[in-house]
Amino acid sequence: MLTRAAQFDPVPASQRQEGETLSLEKTKKQLVELLADSDNSVIALSGKWGSGKTHLWDEVQKEAKDEKVMKALYVSLFGLSTMDQVKRKLLEGALPDAAVGGGKLDIVKNLLKTGVNAGAAHYKALAAINDLNLLLMAPIALRKRVIVIDDIERKHVKLGIDEVLGFIDEYSKKFEARFVLVLNDDQLGTEGEQRTLWTTFREKVIYQEIRLSTTPAEAFAIAIKLRPSPKYEATLKRAVLACGLTNIRIIGKVVKAANQILANRDLTDPIQARVVPSIVLFSAIHYRAWRTVRTSSSHSTWLTRIGRGSTATRRRSRPKKRSARIVGACS
């Protein structure tokens, strides 16, 4: 029987001492330690959308000294509707890189077809063999491999969760494969089918669970490398941190919007201090960085209300109160 999943939730930013390791680094260290223990056959890395889970895994794999982690196989379940498609994607990565001239999987498949076609003239049953031959290689190719499965909550509706669970259970037990499951707890924490999916994973397959809680500073550091802004970086950082943005993808879009609007103009610090925070704030609202502050009213009505600073309005609901704090911090 599996032990209850152990959770790792880094210390909140408000409780950290200056100079203390940040949550992203802490989570990375924890993941490395879990991977070092072969008893942890199924590890879950969860966090909010855009918190940098895939980036964290890429860093762990790049810095790994364990050959199995270095050569880990990655598959995203986004849009995949059958386990055969999942296995095919994994086999694509598992086959040697020596194949030249076309997809690695197609080359092997064509070799198999050559033998099938040669015998098909005498045995018609052989003509029906296609991908089955190739998929039979999966237990051999995936044996004792580290397999990363991403976007589980975005799987195709035709791909049953029982199939995914069965695959993980079979290959971890029979073929000694190890799994790292990258989970978006924004969606896995909702009601209905996704809630059932998350509960099932935690109870039946996950040995250890770690949760990534990225700070605004960490998120900005990653986003600015992907979307540089040399002239406005310092002011953008102050505004992003003041607004508490932690979604790396949204921060990247905010930086892109600032670069487009400011068009590389030479602006003095006082002008940047007045202009950039507004760009950050309205871009973040546009990209729905704070989903909890959304109301039935349009964003324009919402901004008008909080802009007036009415005490009565702020008292009506917690989201509006938080909205006022955000506007004040980012301004």
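Residue numbers run from 1 in the order of the sequence given.
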**Student:** Please check: side-chain N/O of E163 versus main-chain N/O of L159, any donor-acceptor pairing under 3.5 Å?
**Tutor:**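 Looks like no, no N/O pair under 3.5 Å.
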**Student:** Below 3.5 Å, can you tabulate the donor-acceptor pairs from side chains in residues 145-152 to any protein atom, sequence neighbours excluded?
**Tutor:**
{"residue": "R145", "atom": "NH2", "partner": "K71", "partner atom": "O", "Å": "2.7"}
{"residue": "D150", "atom": "OD2", "partner": "T54", "partner atom": "OG1", "Å": "3.0"}
{"residue": "D150", "atom": "OD2", "partner": "Y74", "partner atom": "OH", "Å": "2.7"}
{"residue": "D151", "atom": "OD2", "partner": "S76", "partner atom": "OG", "Å": "2.6"}

**Student:** Should the pair R154 and F78 be classed as cation-pi, given the thresholds of under 6.0 Å to the six-membered ring centre and 45° from the axis?
**Tutor:**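 Yes, cation above the ring, under 6.0 Å and within 45°.
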**Student:** Are side-chain heavy atoms of L35 and D66 found at a separation under 4.5 Å?
**Tutor:** no
**Student:** Can you check whether L181 reaches L45 side chain to side chain, under 4.5 Å on heavy atoms?
**Tutor:** no
**Student:** What's the separation between atom CG in D37 and atom CD in E33, rounded to the nearest 0.5 Å?
**Tutor:** 10.5 Å
**Student:** Do E59 and K62 meet the salt-bridge criterion of a basic N to acidic O distance under 4.0 Å?
**Tutor:**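 Judged by the 4.0 Å cut-off on N to carboxylate O distance, K62 and E59 do form a salt bridge.
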**Student:** To the closest 0.5 Å, what do you measure between CZ (R227) and CD1 (I222)?
**Tutor:**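 So the gap between those two atoms works out to 15.5 Å.
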**Student:** For residues Q272 and L267, report the shortest heavy-atom separation together with the two atoms involved.
**Tutor:**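 Nearest pair, atom of Q272 first, then L267: NE2-O, 3.4 Å.
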**Student:** Is a donor on one side and an acceptor on the other found under 3.5 Å between the side chain of N40 and the backbone of F179?
**Tutor:**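 Judged by distance alone, no pair lies under 3.5 Å.
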**Student:** Run V182 and L56 through side chain to side chain contact (heavy atoms under 4.5 Å, CB included) and show every step you take.
**Tutor:** CA-CA 10 Å; V182 183; L56 185 148; over 6 Å; no
**Student:** Which atom names give the shortest non-hydrogen contact between S41 and Y207, and what distance separates them?
**Tutor:** OG-CE1, 3.2 Å
**Student:** For Y232 and A263, which heavy atoms make the closest approach, and how far apart are they?
**Tutor:** OH-C, 4.3 Å
**Student:** Can you list the steps and then say if T215 with E218 is a side-chain hydrogen bond (donor to acceptor under 3.5 Å, both in side chains)?
**Tutor:** CA-CA 5 Å; T215 66; E218 293 169 335; 3.2 Å; yes
**Student:** Which heavy atom of V75 sits nearest a heavy atom of K89, and at what distance?
**Tutor:** CG2-CB, 3.7 Å
**Student:** Is it true that Y287 and I261 fall in one hydrophobic cluster, defined by side-chain heavy atoms closer than 4.5 Å?
**Tutor:** yes
**Student:** Tell me the closest heavy-atom pair linking A257 and S283, and the distance in Å.
**Tutor:** CB-OG, 3.6 Å
**Student:** A side-chain contact here means heavy atoms from C-beta on lying under 4.5 Å apart; do L241 and K237 qualify?
**Tutor:**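 A side-chain contact under 4.5 Å exists here.
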**Student:** Look at atom NZ of K28 and say whether more than 12 heavy atoms of other residues, nucleotides or ligands are closer to it than 6.0 Å.
**Tutor:**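 Buried by this count: over 12 neighbours within 6.0 Å.
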**Student:** Can you confirm whether F175 sits close enough to K144 that some side-chain heavy atom of one is under 4.5 Å from a side-chain heavy atom of the other?
**Tutor:** no
**Student:** Within the distance-only criterion (no hydrogens, no angle test), does the side chain of K48 pair as donor or acceptor with the backbone N or O of T246 below 3.5 angstrom?
**Tutor:** no
**Student:** Do the non-hydrogen side-chain atoms of K87 and F167 ever get within less than 4.5 Å of each other?
**Tutor:** yes
**Student:** Got a sec, which residues hit side chain to side chain contact (heavy atoms under 4.5 Å, CB included) with K225, two or more places apart in sequence or on another chain?
**Tutor:**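 K225 satisfies side chain to side chain contact (heavy atoms under 4.5 Å, CB included) with no other residue.
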**Student:** Going from CZ on R288 to CD1 on I250, what distance comes out if it is rounded to the nearest 0.5 angstrom?
**Tutor:** 10.5 Å
**Student:** Taking S81's backbone N and O only, do any of them form a donor-acceptor pair with K158's side chain (distance below 3.5 Å, no angle check)?
**Tutor:** no
**Student:** Could you tell me whether R143 atom CZ has more than 12 heavy atoms of other residues or ligands within 6.0 Å of it?
**Tutor:** yes
**Student:** Tell me whether K256 at atom NZ has more than 12 heavy atoms from other residues, nucleotides or ligands lying less than 6.0 Å away.
**Tutor:**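 Counting neighbours around NZ of K256, 12 or fewer heavy atoms of other residues, nucleotides or ligands fall under 6.0 Å, so no.
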**Student:** Are L245 and F220 close enough that some pair of their side-chain heavy atoms sits under 4.5 Å apart?
**Tutor:**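 With C-beta onward as the side chain, the pair stays apart.
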**Student:** Is the backbone N or O of V255 less than 3.5 Å from a side-chain atom of S229, with the two atoms forming a donor-acceptor pair by type?
**Tutor:** no
**Student:** List the atom of A219, the atom of I251, and the distance in Å for their closest heavy-atom pair.
**Tutor:** CB-CD1, 3.6 Å
**Student:** Within the 4.5 Å heavy-atom criterion, are L73 and L142 side-chain neighbours or not?
**Tutor:** yes
**Student:** Distance check, rounded to the nearest 0.5 Å: L212 atom CG versus S23 atom OG?
**Tutor:** 6.0 Å
**Student:** Of all residues at least two apart in sequence or in a different chain, which pass the side chain to side chain contact (heavy atoms under 4.5 Å, CB included) check with V275?
**Tutor:**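 Side chain to side chain contact (heavy atoms under 4.5 Å, CB included) list for V275, sorted by chain: L262, I271, I279.
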**Student:** Using modelled atom types only, decide if a donor and an acceptor are shared between the side chain of S172 and the backbone of D169 within a distance under 3.5 Å.
**Tutor:**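 Yes, the answer is positive, given that a donor and an acceptor are paired below the 3.5 Å cut-off.
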**Student:** Rounded at 0.5 Å granularity, tell me how far CZ in R178 sits from CD1 in I43.
**Tutor:**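 The distance works out to 5.5 Å.
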**Student:** Quick one: CD1 on I161 to CG on L165, what's the gap to the nearest 0.5 Å?
**Tutor:** 4.5 Å
**Student:** Would you say that V164 contacts M83 through its side chain, given a criterion of any heavy-atom pair below 4.5 Å between the two side chains?
**Tutor:** yes
